[in-house]
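Just so it is clear, the values below take in all heavy atoms, side chains as well, and ignore hydrogens, waters and symmetry mates. Lettering follows sequence order; numbering is per chain, from 1.
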2 protein chains.
Amino acid sequence: MVSIKDVARDAGVSPQTVSNCINNPRIVKPSTRALVTDSITRLGYTPNASARRLRTQRSNTIAIGIAPVSYSRVYDRLLHALATEADANDIRIILYKTDSYQDELRQFNALTAGGDVDSFVLTDTGHNDPRIDWLIEHHQTFVLFGRPWGLDDMYDPDVPWVDVDGRHGIAQMTRHLILHGRKRIAFIGWPGLSGTGMDRRLGWQETMLDAKMASAEELAGLCAEAEDDITAGQSACAALLERNPDIDAVVCVSDTLATGAVMAMPAGANITVTGFDNTVSAQSLKLPTVDQPLAQSAHEIVRIIQERLDSRTSQTGRDESRAAGEHHILLAPSIVIPE
Amino acid sequence: MVSIKDVARDAGVSPQTVSNCINNPRIVKPSTRALVTDSITRLGYTPNASARRLRTQRSNTIAIGIAPVSYSRVYDRLLHALATEADANDIRIILYKTDSYQDELRQFNALTAGGDVDSFVLTDTGHNDPRIDWLIEHHQTFVLFGRPWGLDDMYDPDVPWVDVDGRHGIAQMTRHLILHGRKRIAFIGWPGLSGTGMDRRLGWQETMLDAKMASAEELAGLCAEAEDDITAGQSACAALLERNPDIDAVVCVSDTLATGAVMAMPAGANITVTGFDNTVSAQSLKLPTVDQPLAQSAHEIVRIIQERLDSRTSQTGRDESRAAGEHHILLAPSIVIPE
DNA sequence: CTGTTAGCGCGTTCAA
DNA sequence: TTGAACGCGCTAACAG
């Protein structure tokens, strides 16, 4: 293992000069800097991460939980996007398991106390999420992926988040269908009070009303609910078709439900089914679907984390040089139309 | 942040004694140990991971890659199983992105040189995988999840692996169908020379031949190939049914293909479709499927990594106290029959 | 069984 | 602009 000393000896300078070349290149004379960087590449030197963390008391590491069963179809894509963004910013990602809130708090404790981690990404937060309280109480840096629907003030500066505007995505999709001559457009959503689910349904509802495609009462009849699995989608769609034989499109809140809806279609029916998430299922069935901008989400998440860590470091009264950006980010998804 | 010194002062002992209580409890007198552990819990002390790693030169961290598009439907479940196992063994998991082999090698270099990571889990290895060569050449500890089908000697002691016996799983499923009166059992597999795919097909083929359900020529007619997506599964199954109207069961190499096969079924047909992976799709459609023992896989992976790291540490000639276990592990999956 | 000493590799503070 | 000293928190060696 090659250390900073080896580089220093090779370049004929002191170890501190090498350190400066890496962390503060401007204060080193260009000629010596060239000498040092040359040695670095030649010896294949990489700073020891543990030593650096020990010294700086910053781990530059984001923790993200993995649940026993994936609640979202795009979770692995989010992970990849985050890993990509982290790589570009010289940040590491640590994975921890999440079985229950209680277990997760224990992990929070271990990860932060050990100095392994200095920020968290929380996905699928619930009403009155105890994790948020814990993190705020312990002055930890974190960002939610998904809005904190339960919160009184969604724009609480203590609770930053990045989310994708599902309502806008579904609205775009509905408009697309209308522009292509569809008139009786139904919707299959999730049951219950899920913020994400209700938000997406609004996208359909508002667009339909705005375009005067149906009255509010008619919309109630054009709307069904189903748990997020194929069979539920299938029966919901079948019931919908029975009630409204003239349906010519079905907008679904997820690709999973859309797959079920396709199965409920009578042979030869000219009814468009659309999904949400741009999963391989939708791609394979050539369904129009809504694509979440995950790379961009990851970018914003990492940006917010960095800004928050920076502002915490320089806790002197003076303002930071660069102003912090917005810490509540709603990104617009795009619709994907096959062929 | 509470350090080992604080605990030592609180308990009235030296820092070294505290350290011993944590890492070598047996050599500390029980009475003082009680004193120390009490202080530890009262102060909420957790050792600083970076300092420990710097000192011990062991990171106790496993790196695992995440691909832009998940090649396996069980990847997130594997991650959760690994995270669970790691948690139980006081090991951390770092996630890195994998876009190409070249990029992955660069990551290997950064992660190992920085001392962040001292072992790797490789998933979906290909023929002549350059990553394996790199890791061996750089004396890194690693374990494959999945057999190295391309290798001349699959039991090369330098290339440890953990895999699930897909052939056995499919054979079990085929036997189950036969025992429940199915006679004309077809198979839909993946095209090409994928080791995993050919292995699973063998499970069906051998069982059918052994049970004298069909001749080798008939089996060829009962077998179809499709890329791993729903639509391909659907058309493959439709073609199969056309060729063999008397089929009464279809064994599929994946839940995805099984989903497609279900869509190809004429209404009211009494044909059983089975899948592989026990995904939510199979559960929702109530398809018989094959469940991979991922928790056990993760357990074996971590065990092998630990044993290899230990044996590397004590590289004195003398044998290690405990004998190392087997480093090529083939686990049996189980079949899941709904209802 | 316990305490003392030393150093893992790095970055920051001073002095030159 | 560069170099010397110091310490981040911990543990492996030894001394007591």
Is B:T17 near enough to C:dG3 that one of its side-chain N or O atoms lies under 4.0 angstrom from OP1 or OP2?
-> yes
B:D38: partners by side-chain contact (heavy atoms from CB on, under 4.5 Å), with sequence neighbours left out = B:T41, B:R42
Grab the CG-P distance between A:L54 and C:dG7 for me, whole Å please.
-> 17 Å
In whole angstrom, give the distance that lies between atom NZ of A:K5 and atom P of C:dG11.
-> 14 Å
Taking for each residue the nucleotide of DNA chain C with the nearest heavy atom, is it B:V28 or B:T56 whose nucleotide lies nearer the 5' end?
-> B:V28
A:D116 CG to D:dC8 P, in whole Å, measures 20 Å
Taken to the nearest whole Å, CG/B:L35 to P/C:dT2 is 10 Å
So what does A:P47 hit on the nucleic acid, given a heavy-atom distance under 4.0 Å: a base, only sugar-phosphate, or nothing?
-> sugar-phosphate
In whole angstrom, what separates B:R9's CZ from D:dC10's P?
-> 13 Å
Please work out if B:T32 contacts a base, only the sugar-phosphate, or nothing of the nucleic acid, heavy-atom cut-off 4.0 Å.
-> sugar-phosphate
Kindly state whether the ring of A:F142 and the ring of A:W161 have centres lying under 6.0 angstrom apart.
-> no
Just call it for B:N20: base, sugar-phosphate, or nothing, with non-hydrogen atoms closer than 4.0 Å on any strand.
-> nothing
May I ask you to decide if the ring planes of A:F120 and A:F108 are parallel, tilted or perpendicular, using 30° and 60° as cut-offs?
-> tilted
Has A:N24 got more than 12 heavy atoms of other residues, nucleotides or ligands less than 6.0 Å from its CG?
-> yes
B:R33 has an atom CZ; how far is it from atom P of C:dC1, in whole Å?
-> 9 Å
Ignoring backbone atoms, establish whether B:S3 has a side-chain N or O less than 4.0 Å from OP1 or OP2 of D:dG9.
-> no
To the nearest 0.5 Å, tell me how far A:L54 CG sits from B:S50 OG.
-> 6.5 Å
Separation of B:Q57 atom CD from D:dG9 atom P, in whole Å?
-> 19 Å
Have a look at A:I4 and say if it touches a base, only the backbone sugar-phosphate, or nothing, with a 4.0 Å heavy-atom cut-off.
-> sugar-phosphate
Where the side chain of B:N48 is concerned, which of C:dG11, C:dC8, D:dC10 is the nearest nucleotide?
-> D:dC10
Nearest listed nucleotide, side chain of B:Q16, among D:dA4, C:dG9, D:dT11 | D:dT11
Taking only side-chain nitrogens and oxygens of B:R52, does any of them come within less than 4.0 Å of OP1 or OP2 of D:dT11?
-> yes
note: A:I27, atom CD1; C:dA16, atom C1'; distance rounded to Å ~ 15 Å
Is any N or O donor-acceptor pair between the side chain of B:R55 and the base of C:dG7 shorter than 3.5 Å?
-> yes
